[in-house]
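What follows is one structure encoded as structure tokens, with my remarks underneath.
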Amino acid sequence: MRYTNHLRNSIKHIQKIISQDQNVVNVDRYRVSIKAGNGGTGLARYNGVGGSGGNVYFVTRPDMAFTAFPTAKAFKNGKMVAKAENGLPSIQTRLNGEKGNDLVLPIPLGVEIVEEERNLLLARPHRVHQRILIARGGEGGHSGNGFIPQKGEQVVVTVHLKLRPNIGLVGFPNAGKSTLLQAFLPRKSVKIAPYPFTTLKPQIGFWSPNKVTPEEEEPFTLTLADLPGLIEGASQNRGKGYQFLKHLEYCGVLLLVIDVNGFQLKNSLGEPFRNALETIALLNIELESYDKRITRKPAVVFVNKLDIAKDIEGAHRLRDTLRETNWWKDLPKDLQPKLPLTFDGVVLASAKNGDIDELKNLLTRIHKNSLIRDIPEDLLSKPTKYLV
Ligand SMILES: Nc1nc2c(ncn2[C@@H]2O[C@H](COP(=O)(O)OP(=O)(O)OP(=O)(O)O)[C@@H](O)[C@H]2O)c(=O)[nH]1
Ligand SMILES: [Mg+2]
């Protein structure tokens, strides 16, 4: 069995990130206002050159937790504002004005730095002690610019943490995602409640399958990420779940958790009732509108709450339908995904009853077949969209 370095590192990485918070990821982005130093004025009469302003850099630090980012000395009074020094002006006694000091902000490995205004990925540093120029200091005044100094660059960036779970749970609110996570982790306590939007922050669990025989291969651990529920129209900014989809960008397998009886946000006329198949199609649509590459990941459907299914035969028919590649074909046009997921498995069960052996076996099999694979090269290229 392949137990890749990437998998090993990704587990370590996630364990490190959440070590202070057990398994809830409370913060997954920081917004920082950055200003490089202005150049100093030149001195025309003596052809004096003003000092250039300091640059602002990010430098990756090994073993740094994401939550340590705002504790950098540069952030005075807890404000997320970072400024490099201005260059000094040229004066008669010192014609070459002194350069302003650079500012270096430590960041953890693997974060993504996005420029807010243009929604542009500036860097995704993976090497230790990597130095990234974020804002360039202004040139000092000199004869070439009429002795008028330049201003330092200013930029607002968001530093994003993106989880790299092996398995990412995605579903409508109240479908039983957290109940499923709990079923994998009987010794932990996961918050579960009979109303939508119970989970507000991503949470991670680590699960290791039991060995069947002692001589079985190397043991492995899979990380599962439970994310806040998505609702219809999430990509048009409805609900909060959409902003957490970034955590699926690097996940290995999508695990769609569906209520077998369907979903309705409220018992109001405005909110349509959606049956189980429709909820799957709607999740597919939200995923593809976030980032179409996500739809190429291996996916599994967990049709939950079988213990209270109103139509058991219908649930079995749903499973058969989902096993076909064109499972979406009988849906109304507006519910048909443009980039339909294909499912590596469909499981009908009840998370509440801890009835998840079939799912565990399926995920183990997918893992052993190395479908939970390294991040494909093209996913390392620029993502199509950021949510800042
Ligand atoms: N009968 C039954 N109830 C279930 C099952 N799984 C979950 N539930 C119930 O469904 C409700 C919602 O479960 P959660 O696990 O909180 O759902 P969630 O998908 O995490 O919801 P959000 O965090 O709001 O997105 C709770 O009352 C659970 O007890 C199941 O298999 N059978
Ligand atoms: Mg939940």
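Counting starts at 1 for both ligands and their atoms, following the listed order.
In this structure, D102 pairs ionically with K99, as a charged nitrogen and a carboxylate oxygen lie closer than 4.0 Å. With respect to the salt-bridge test (charged N to carboxylate O, under 4.0 angstrom), the residues R317 and D311 qualify. Between R238 and E232 there is no salt bridge, since none of the side-chain N atoms of the basic residue sits less than 4.0 Å from a carboxylate O of the acidic one. For D291 and K246, the salt-bridge test fails: no basic side-chain N is under 4.0 Å from an acidic carboxylate O.
Residue contacts with ligand 1 for N304 involve side-chain atoms from C-beta outward but no N, CA, C or O (heavy atoms, distance under 4.0 Å).
Scanning all protein heavy atoms for the shortest distance to atom 16 (O) of ligand 1 gives A193 N, 3.3 Å.
For the pair P228 and ligand 1, the shortest N or O to N or O distance does not fall below 3.5 Å.
Atoms of ligand 1 found under 4.0 Å from any heavy atom of I308 (numbered from 1 in listed order, with element): 1 (N).
Using a 4.5 Å heavy-atom cutoff, the side chains of W327 and T342 are not in contact.
Here the protein contributes S178 OG, T199 OG1 as N, O or S atoms under 2.8 Å from the Mg ion (ligand 2).
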Expected list for residues 189-200: side-chain donor-acceptor pairs under 3.5 angstrom, two or more places apart:
{"unit_1": "T198", "atom_1": "OG1", "unit_2": "Y195", "atom_2": "O", "d": "2.8"}
{"unit_1": "T199", "atom_1": "OG1", "unit_2": "S178", "atom_2": "OG", "d": "2.8"}

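Counted by atom type alone, Q130 and T60 present zero donor-acceptor pairs between their side chains at under 3.5 Å.
Relative to the ring axis of F263, R274 does not place its NZ or CZ within 45° and under 6.0 Å from the centre.
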